[in-house]
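Read the structure below first, then the notes.
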Amino acid sequence: MPQITASKALQRFRVLDLSRVRAGPTCVRMLADFGADVIRVEPPAGIDPNEAMFAADRWSGDFQNLNRNKRSLTLNLKTAEGREVLKRLVAGADVLVENWRPDVKARLGVDYESLRSINPRIILASISGFGQDGPYAKRPGFDQIIQGMGGLMSVTGLPGQGPVRAGLAVADSSAGLYAALGILTALLEREESGEGQWLHTSLLHAQIAMMDFQGARYLNDGDIPRQEGNDHPTSSPMGLFHAKDGQFNLGASGEGNWRRFCEAIGHTEWMDDPEFENEKLRVKHRQRLNQMIQTVFMTATVADWVQRLNAAGVPAGPVYSVPQMFEDEQVRHLGVAKTVAAWQGGQRTMITQPVTLARTPADIARTAPGWGEHTDEVLREIGYDERDIEALRGAGAV
């Protein structure tokens, strides 16, 4: 059966996806959308204690969105036969992605040295909660735990309300994206050296890296970031404001934007106010300035202000719910969502890749695979015949 390829960009690469939950699948999804042949290696029925939940969630929009463009092979790595199948897969693969605890890899023979002995060109990408070694290496890592330890919850929310979780899986998603970047870098380096390598990232490191603005301020200036609510910590006027019929965001930071803003709302005299003479002073006197702005904004609607300010070159935008977000004309123009026919029947709508390559763009060619849908197909590709496949099934390996 010919492969269904989403793009030509990475179609020469085979990726083994042994990851679960979000960070690993996020990483591999990027490779799959750009055409890599991704084989999602999953335990057969009766192996995983979370099997019932796993099976029920398979048709969910989240699972489908994370695992589209992949094939599925069931494999029991607790059996000798299953580990032998994995070795054959590794021999012909370019990348293996996993997010087990660091000690599990060696026990199953998926540590880098074991893989390298089979295929010196293999690239192993490991994603963990806290890193591959160190005092927390064996701890389980979940996104909200990492948001707390990585500082994000301390700067999210209104001043004084206490730590607040961000509304998206920042640590998981960023770790997945950093891992994908590492894989692509390792593949480029392999073109020169001819050798693979081990790369790893952690949710904790990735979360702190996403805090670069706040972290750099503290490390270099001694400025301890705190909760600022909807106000920007170092720029003003910048934040959330009320109009006659709702709320919208304003971004009038910098001297050019400040002057254009004053002109657009008809208050050029504010430019001569000594308390607003520069950005630092506008931050210092933010409360007074925001009150003055708020009085003006209550005289018109959100649509009026967004149109007027953008026409003047001042950043402003409405605050959408998720349904409103997908209805926006620019979001529709960008092709942010794509509907694909599903193998189970019906359709699934997914979020497209946010980076566009002019000649070899990413695409969504198919929904997430059925559990073990491609097991026989993949086994035949690596040299197993029908008798071999039946023997593997009899041994509980697939």
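Note that the coordinates shown come from a computational prediction; the quantities given were computed from them, not determined experimentally.
A donor-acceptor pair under 3.5 Å is absent between the side-chain atoms of Ser126 and the main chain of Glu98, judged by distance alone. Side-chain N or O atoms of Ser236 include one that pairs as donor or acceptor with a backbone N or O of Arg282 at under 3.5 Å. A donor-acceptor pair is defined here as one N or O able to donate and one able to accept, closer than 3.5 Å; no such pair exists between the side chain of Ser235 and the backbone of Ser253. Within the 3.5 Å criterion, the main-chain N or O of Ala362 finds no donor-acceptor partner in the side chain of Asp33. Looking only at distances, a side-chain donor or acceptor of Gln227 sits under 3.5 Å from a matching main-chain atom of Gly162.
Shown here is Lys78, whose NZ atom has no more than 12 heavy atoms of other residues, nucleotides or ligands within 6.0 Å. Surrounding CD of Glu277 are at most 12 heavy atoms belonging to other residues, nucleotides or ligands under 6.0 Å away. By the 6.0 Å contact criterion, OH on Tyr384 is enclosed, its count of non-hydrogen atoms from other residues, nucleotides or ligands being greater than 12. More than 12 heavy atoms of other residues, nucleotides or ligands sit less than 6.0 Å from atom CZ of Phe213.
With Val110 as the partner, the side-chain contact (heavy atoms from CB on, under 4.5 Å) test is satisfied by one option alone out of Leu115, Val90, Val104: Leu115.
Classification of Arg68 and Asp363 as a salt-bridged pair fails, no side-chain N sitting under 4.0 Å from a carboxylate O. At a threshold of 4.0 Å, the pair Asp385-Arg387 does not count as salt-bridged, since none of the basic side-chain nitrogens sits closer than that to a carboxylate oxygen. Salt-bridge annotation for Arg217 and Asp212: absent, with no side-chain N of the basic residue lying under 4.0 Å from a carboxylate O of the acidic one. With respect to Lys284 and Glu275, no salt bridge is recorded, no charged nitrogen being found less than 4.0 Å from a carboxylate O. The pair Arg165-Asp143 does not count as a salt bridge, with every side-chain nitrogen at least 4.0 angstrom from each carboxylate oxygen. Between Glu381 and Arg88 there is no salt bridge, since none of the side-chain N atoms of the basic residue sits less than 4.0 Å from a carboxylate O of the acidic one.
Atoms CZ and NE2, from Arg40 and His374 in turn, are 13.0 Å apart once rounded to the nearest 0.5 Å.
A cation-pi contact links Arg348 to Trp59, judged by a cut-off of 6.0 Å to the six-membered ring centre and 45° from its axis.
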Any chance you could lay out the salt bridge (Lys or Arg N to Asp or Glu O under 4.0 Å) test for Asp111 and Lys105, step after step, and finish with the verdict?
CA-CA 5 Å; Asp111 57 289; Lys105 282 193 291 297; over 6 Å; no

Could you walk me through whether Arg121 and Glu195 pass salt bridge (Lys or Arg N to Asp or Glu O under 4.0 Å), step by step?
CA-CA 5 Å; Arg121 291 174 58 81; Glu195 297 183 18; over 6 Å; no

Go through it in stages, so that I can follow the logic: the residues are Asp304 and Lys244, the test is salt bridge (Lys or Arg N to Asp or Glu O under 4.0 Å), and I'd like the CA-CA distance, side-chain angles, deciding distance and then a yes or no.
CA-CA 10 Å; Asp304 290 337; Lys244 186 187 295 185; over 6 Å; no

I would like to know whether Arg12 and Asp94 meet salt bridge (Lys or Arg N to Asp or Glu O under 4.0 Å); could you show each step before the answer?
CA-CA 9 Å; Arg12 66 189 184 279; Asp94 298 282; over 6 Å; no

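In this structure, Phe248 has its ring center under 6.0 Å from that of Phe297.
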